[in-house]
Amino acid sequence: MGMQVPQYWAEARLQEKFGRGHVSGRVSLTVRRFGWSDSSQSDAQAMAETRVRDAFDRILAGEKLPRNEPRVPYDAEGLPIREEIVARHGNEVITRNSYGSRCLNSPDVLFADVDFKPPPMPPWRRKQFVAAVVAGAVCGVLWHPVAGIAAFIATLILIGTIHGWWARRRDLQLGGGPEARALAPVKAFIAANPDWHLRVYRTPNGFRLLAMHRTFDPLDPQVNAFFEAIGADSYYALSCRHQHCFRARVSGKPWRMGLREHMPYRRSAWPIAEEHRPERERWVAEYERKAEGYAACRFVERLGSRDYVSATQSVQRLHDDLCSATRDLPMA
């Protein structure tokens, strides 16, 4: 299954009751399955009916399959992306995610985000934490509970002070804090793979990488090796395999732009009921008005080779335009 973002969705339910002594050992069985289509609602319903009958028969025959499928917008293995389609640009599809931001979904142009991470806790800090617990327990048992709590808090403050000094020293050794820590594995990867061409973008909480030198199948082992080497989020890596696509948020997060209200019916699977759409559309209009004043990311630099292919260049231009990546705007 390649990347799919269907326009139409349907659901079918099949239930049967059996007499006692049925060969399956069941008294009854109920199975639900989704169907989808880019052509029509009737085609989506026909697909749902076919899928539910197939699943029903296989479960009845003893195969271990779920009786229901998750009604979620994204990251359901075996199901397409279930989000509102905002626009299509060739093979790329812009959707609106569960909290209202626009996302670029590409079947073969590789994106990856690397978030800032705190420096890892050194072994001595873990030992100090255990010492704080022991000291508090001993003081509480042998002396006084209040003294035990005081000993525990004092030890934690000391640990925090020492760890803060250690983190600052480590940042200086790396040449500058969270940004240097996040980019260090990326630069190490490029040093080992100089034929790669990566564009680097700053995000509110890290960096985004866009591979320009070639396109990739999300199931290509090279993709997973790249994700592991740069420290990409494991959930994102798994989602790419599930949805057979790469994904990048191209508009701000609502709460970073001062929108305190959540998008109405955000927990409802798309498409939402017709009577709820006016309220949702009013929220979206306000969101888009706010989003004009913010960038989703900002271009920083190129790493590696300067090679690119036309497919990646067209997606890069689309991405940079949607993100306002070259404009001097606050990031959200």
Side-chain angles (χ1 to χ4, degrees), residues 5 72-76 81-87 89 92-106 109-118 177-179 181-183 199-210 227 230-240 242-243 245-272 276-277 279-300 315-316 318-332:
V5 191
V72 294
Y74 189 74
D75 195 35
I81 297 171
R82 187 167 184 162
E83 294 178 336
E84 178 187 7
I85 298 172
V86 177
H89 299 268
E92 279 61 46
V93 183
I94 312 301
T95 59
R96 192 171 306 282
N97 71 11
S98 59
Y99 52 79
S101 296
R102 285 175 275 115
C103 293
L104 188 160
N105 303 275
S106 175
V109 176
L110 173 55
F111 287 95
D113 281 3
V114 180
D115 291 338
F116 294 151
K117 299 179 179 67
E179 294 191 3
R181 284 199 299 272
L183 277 182
R199 284 175 65 88
V200 181
Y201 299 84
R202 181 70 158 80
T203 65
N205 194 41
F207 292 101
R208 174 173 298 166
L209 308 174
L210 166 57
F227 286 159
I230 64 170
D233 180 69
S234 58
Y235 172 74
Y236 174 75
L238 180 63
S239 297
C240 289
H242 281 177
Q243 306 293 172
C245 77
F246 303 103
R247 185 168 165 101
R249 180 175 56 82
V250 293
S251 66
K253 291 185 175 180
W255 54 91
R256 290 178 179 162
M257 303 188 305
L259 281 172
R260 297 183 179 181
E261 293 184 6
H262 294 304
M263 181 172 66
Y265 308 103
R266 64 193 180 98
R267 297 188 185 279
S268 301
W270 184 260
I272 64 171
H276 298 326
R277 294 209 180 184
E279 185 179 356
R280 175 187 167 107
E281 288 169 1
R282 282 193 294 271
W283 186 94
V284 168
E286 174 64 11
Y287 168 85
E288 293 295 352
R289 186 185 68 79
K290 284 268 191 181
E292 291 178 1
Y294 291 87
C297 63
R298 182 175 299 118
F299 175 68
V300 177
V315 171
Q316 174 250 310
L318 174 65
H319 168 269
D320 289 8
D321 180 55
L322 293 173
C323 290
S324 298
T326 58
R327 298 175 63 192
D328 186 20
L329 294 173
M331 287 188 294

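A quick note: this is a predicted structure, and the numbers were derived from the prediction, not measured.
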- Query: Are Leu209 and Tyr201 side-chain neighbours, meaning at least one heavy-atom pair lies under 4.5 Å?
  - Reply: no
- Are the side chains of Tyr74 and Gln243 in touch, meaning some heavy atoms are under 4.5 Å apart? yes
- Message: Taking the ring centre of each residue, are Phe111 and His319 less than 6.0 Å apart?
- Response: yes
- Classify the ring geometry between Tyr236 and Phe227 as parallel (under 30°), tilted (30 to 60°) or perpendicular (over 60°). perpendicular
- Message: What I want to check is whether the side chains of Asn105 and Thr95 have a donor and an acceptor closer together than 3.5 Å.
- Response: yes
- Approximate separation, where rounding is to 0.5 Å, of Cys323 SG and Leu104 CG: 8.0 Å
- Task: Kindly give the heavy-atom pair with the smallest separation between Ala112 and Ile230, and that separation in Å.
- Result: CB-CD1, 3.9 Å
- State whether the side chain of Ser324 and the backbone N or O of Arg327 hold a donor-acceptor pair below 3.5 Å, judged by distance alone. no
- With a 4.5 Å limit on heavy-atom distance, are the side chains of Glu179 and Arg202 in contact? yes
- Query: Is NZ or CZ of Arg199 both nearer than 6.0 Å to the six-membered ring centre of Phe299 and within 45° of the ring axis?
  - Reply: yes
- Side-chain contact, heavy-atom cut-off 4.5 Å: Trp270 with Glu84? yes
- Query: Is atom NE2 of His262 surrounded by more than 12 heavy atoms (other residues, nucleotides or ligands) closer than 6.0 Å?
  - Reply: no
- Note on the structure: The reported gap from CZ in Arg249 to CG in Asp113 (rounded to nearest 0.5 angstrom) is 8.0 Å
- Message: For Arg277, is the CZ atom crowded, meaning more than 12 foreign heavy atoms sit under 6.0 Å from it?
- Response: yes
- Identify the two heavy atoms, one from Arg82 and one from Val72, that lie closest to each other, and give their separation to 0.1 Å. CB-O, 3.7 Å
- Message: Using 0.5 Å steps for rounding, measure from the OG atom of Ser98 to the CD atom of Glu83.
- Response: 7.0 Å
- Query: Can you name the closest pair of heavy atoms from Gly231 and Val114 and give their distance?
  - Reply: O-CG1, 4.5 Å
- Task: Identify the two heavy atoms, one from Phe246 and one from Leu110, that lie closest to each other, and give their separation to 0.1 Å.
- Result: CE2-CD1, 3.3 Å
- Message: Measuring from atom CD1 of Ile81 to atom SG of Cys245, what distance do you get when rounded to the nearest 0.5 angstrom?
- Response: 4.0 Å
- Item | Check: Ile85 and Ile94 side chains under 4.5 Å, non-hydrogen atoms | no
- Message: To the nearest 0.5 Å, what is the distance between CG on Leu329 and SG on Cys297?
- Response: 11.5 Å
- Item | Heavy-atom closest contact (Lys253 atom, Ser101 atom, distance) | CA-OG, 3.7 Å
- Query: Where do Arg247 and Cys103 come nearest, in terms of heavy atoms and distance?
  - Reply: NH2-SG, 3.7 Å
- Message: Quick check: do Val315 and Glu92 have side-chain heavy atoms less than 4.5 Å from each other?
- Response: yes
- Query: Judged by modelled atom types alone, do Ser251 and Tyr287 share a side-chain donor-acceptor pair under 3.5 Å?
  - Reply: yes
- Would you mind reporting whether Arg260 and Trp255 have side-chain heavy atoms less than 4.5 Å apart? no
- Query: Can Arg289 and Glu286 be counted as an ion pair, charged N to O under 4.0 angstrom?
  - Reply: yes
- Task: Identify whether the distance between the nearest side-chain nitrogen and carboxylate oxygen of Arg266 and Glu261 falls below 4.0 Å.
- Result: no
- Item | Interatomic distance, Met263 atom CE to Tyr99 atom OH [nearest 0.5 angstrom] | 10.5 Å
